[in-house]
Amino acid sequence: MFKKYIAAAFAIAVSVAASAQNMFDVISLGTNEYTGTARTMAMGNAFTALGSDIGSITLNPAASAVARYSQITVTPGVSISVVDAMGTTLDGASSPFCFDQRSVARKSRFALPNIGTTINFDVNSGVLHNVTVGFMLNSSKDFNEQLVASGAHYGTSLAGSIAAAAGGVKFSEYNDDDSYRKYPWLNVLGYRSGMISNISDNDSEYVGVTEKYTKKGEGSYDFYVAGPLNQTYGRRKSGSKYDTALNVGFNIADWFFLGANLSFSYFNYSMSEFLTETPVDMNDFDIDFGTSGKTYFKDLKYSYSYRARASALGGKFGFIMTPGQVVRFGAAIQTPSVYTIAEKWGSSAETHFKDVKFDAEASSPDGEYSYQMLTPLRFNTGLAFNVAGRAILSVDYELCDFRTARLRDESDSEVFKDANAEIRESLAMVHDLRAGVEVKPIPQLALRAGYNLSTNPEKAVRGSVPFMQACSHAGSFGIGYDSGGMIFIDVAAKGLFRPKEYTYPYSDYIFDGDGNIASPTPEIMSFRSLWTAALTLGFRF
């Protein structure tokens, strides 16, 4: 089974500023997980051909023109992220190289998935019957998530990984004032925090605080982890992506509807990670500091934090046709948007010993970087059926070619040359299918349900696991009350199930003579779901 490499803190920290940006940023910004109003959410957001609901206007701008009235909606909601994490191997069996404890982490937050208003003007000028203007805000991504995984592990360690990467540079260089500018941050931080130190007879060869070594010959050493370690990895994400739209819609002869949005998209994302290592038996980790004396390794902790803010302007155009009373057809196209992304990050590390006089800690400077991202063009179409005025069946299809996304630095056109090549080669077209149904047993009451399927944007994942396992899935349901006058109330619930994810807390660093991994780092497999509930209060006038 293909193992999906996730950009963990430790991979990011060893990079210079620009190299942290890659195809995973394109996936994060380019993937939409629509929420909308409780009605659109309950019907799987299959609203490209239906219209009238404020939550559907970011899907198809012509939606505002379908309603012959003005309206205001407010949709508060709550989301709960559930991450079930466990250690695994390539074939799914248990292994000493995997975390052996299963954990379930939950994280909840209150949100405002939708708020908006549309104002309808009767024109009745020839074929133009109505003009609608509106403003709305819809959530299109929720990053709320928490993962915790732990277990006893031997064979590799974070300290050993840092020591292997730091070799070849004299320890005095890691103490220079400009060392963070010249060398990978994790190497500098590892040395300054006491996680690694140079060996006694070599000023550019390093051993981790969790390791011992034997000398094989001049300048040649064998390193090994001194004993089993208790390791705990944690990751916490928060943030969201919102699409704000200024809308105008036109009702032409009550059967053809046109619309356009000027969209402002805003993205905020925060992530923090940590990894701790503690000996199962401290006696295995005796350390001799020479003239400074002997002590025992007690524990270490590495922490990393990352923040990103992004915004973009874009446009969307769409139409809806109602050639009869039974069938509706709609389509919309969203122009590419240029996101301006500002990032900040920093890390810290600490190492503790039985004799506290050897304790050490260090913090990196704050890193900052700004760049731009061109998101792909997006096209969606839909078909809906009205069954005797008592039921609605709607189906949407959306297409987005992630291969056309691009990263760029305005001051240096070559910065993202490799990253953009990876985007072209590793990403694919994404196909989204949305379906929804609404049944009215009585005019005032509506029962709703929906389903979403979204293919994976990564070619390697799609080619290595069964199709359905590589996709994201969502199921939803809801109920609505319409007074027939000014007030309508809708409630909905949705469960989003993402493909399982593999996380690696640090890089592999022990290889055999043929370059194959001899001792793997821990692998964490997680199953992620996001549960959302929403209530819409609506007023017509």
K.L.:
Given salt bridge (charged side-chain N to carboxylate O under 4.0 Å, His left out), test Asp482 with Arg540 step by step and report yes or no.
P.N.:
CA-CA 11 Å; Asp482 191 333; Arg540 301 188 187 96; 2.7 Å; yes
K.L.:
Is there a salt bridge (charged side-chain N to carboxylate O under 4.0 Å, His left out) between Arg378 and Asp401 once you walk through the steps?
P.N.:
CA-CA 7 Å; Arg378 190 181 297 271; Asp401 189 353; over 6 Å; no
K.L.:
Aromatic contact between Phe497 and Trp531, with the criterion being ring centroids under 6.0 Å apart: yes or no?
P.N.:
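For Phe497 and Trp531, the ring centres are under 6.0 Å apart.
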K.L.:
Apply the side-chain hydrogen bond (donor to acceptor under 3.5 Å, both in side chains) test between His129 and each candidate in Asp254, Asn251, Asn124; give the one that qualifies.
P.N.:
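Single side-chain hydrogen bond (donor to acceptor under 3.5 Å, both in side chains) partner of His129 among Asp254, Asn251, Asn124: Asp254.
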K.L.:
Could you check whether atom CZ of Phe110 has more than 12 heavy atoms from other residues, nucleotides or ligands sitting under 6.0 Å from it?
P.N.:
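Not more than 12 within 6.0 Å, no.
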K.L.:
Apply side-chain contact (heavy atoms from CB on, under 4.5 Å) to the pair Lys237 and Leu147, showing each step before the final yes or no.
P.N.:
CA-CA 9 Å; Lys237 297 180 181 180; Leu147 181 154; over 6 Å; no
K.L.:
Test Thr37 against every option in Leu537, Thr536, Asn45, Asn138 by the side chain to side chain contact (heavy atoms under 4.5 Å, CB included) rule and name the one that passes.
P.N.:
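That would be Thr536.
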K.L.:
Within 45° of the axis and under 6.0 Å from the centre of the six-membered ring of Phe143, does NZ or CZ of Lys241 qualify?
P.N.:
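Here Lys241 fails the 6.0 Å and 45° test against Phe143.
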K.L.:
Check whether any side-chain heavy atom of Asn380 sits under 4.5 Å from a side-chain heavy atom of Tyr397, and report yes or no.
P.N.:
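No - every pair of side-chain heavy atoms lies 4.5 Å or more apart.
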K.L.:
For Arg39, is there an ion pair with Glu438 - N to carboxylate O distance below 4.0 angstrom?
P.N.:
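Result for this pair is yes, salt bridge flagged.
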K.L.:
Identify which one of Lys141, Glu398, Arg434 satisfies the side-chain hydrogen bond (donor to acceptor under 3.5 Å, both in side chains) criterion when paired with Tyr34.
P.N.:
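Among the candidates, only Glu398 passes.
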K.L.:
Among Arg106, Arg236, Arg235, exactly one meets salt bridge (Lys or Arg N to Asp or Glu O under 4.0 Å) together with Glu145. Which residue is that?
P.N.:
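Only one of Arg106, Arg236, Arg235 forms a salt bridge (Lys or Arg N to Asp or Glu O under 4.0 Å) with Glu145, namely Arg235.
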K.L.:
So, using ring pair (Phe, Tyr, Trp, His ring centres under 6.0 Å) as the criterion, who are the partners of Phe250 when residues are at least two apart?
P.N.:
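Partners of Phe250 by the ring pair (Phe, Tyr, Trp, His ring centres under 6.0 Å) criterion come out as none, since no residue qualifies.
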K.L.:
Would you call the rings of Phe319 and Phe329 parallel, tilted or perpendicular, where under 30° means parallel and over 60° means perpendicular?
P.N.:
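Tilted, since the angle between the ring planes falls between 30° and 60°.
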K.L.:
I'd like to check the side chain to side chain contact (heavy atoms under 4.5 Å, CB included) partners of Ser108; sequence neighbours left out, ordered by chain and number.
P.N.:
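Checked Ser108 against side chain to side chain contact (heavy atoms under 4.5 Å, CB included); matches are Ile80.
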K.L.:
Do Arg408's NZ or CZ and the ring of Phe416 fall within the cation-pi criteria of under 6.0 Å and 45°?
P.N.:
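No, cation not above the ring by the 6.0 Å, 45° rule.
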K.L.:
Taking side-chain hydrogen bond (donor to acceptor under 3.5 Å, both in side chains) as the definition, give me every residue that meets it alongside Tyr451, ordered by chain and number, with sequence neighbours left out.
P.N.:
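Tyr451 satisfies side-chain hydrogen bond (donor to acceptor under 3.5 Å, both in side chains) with His473 only.
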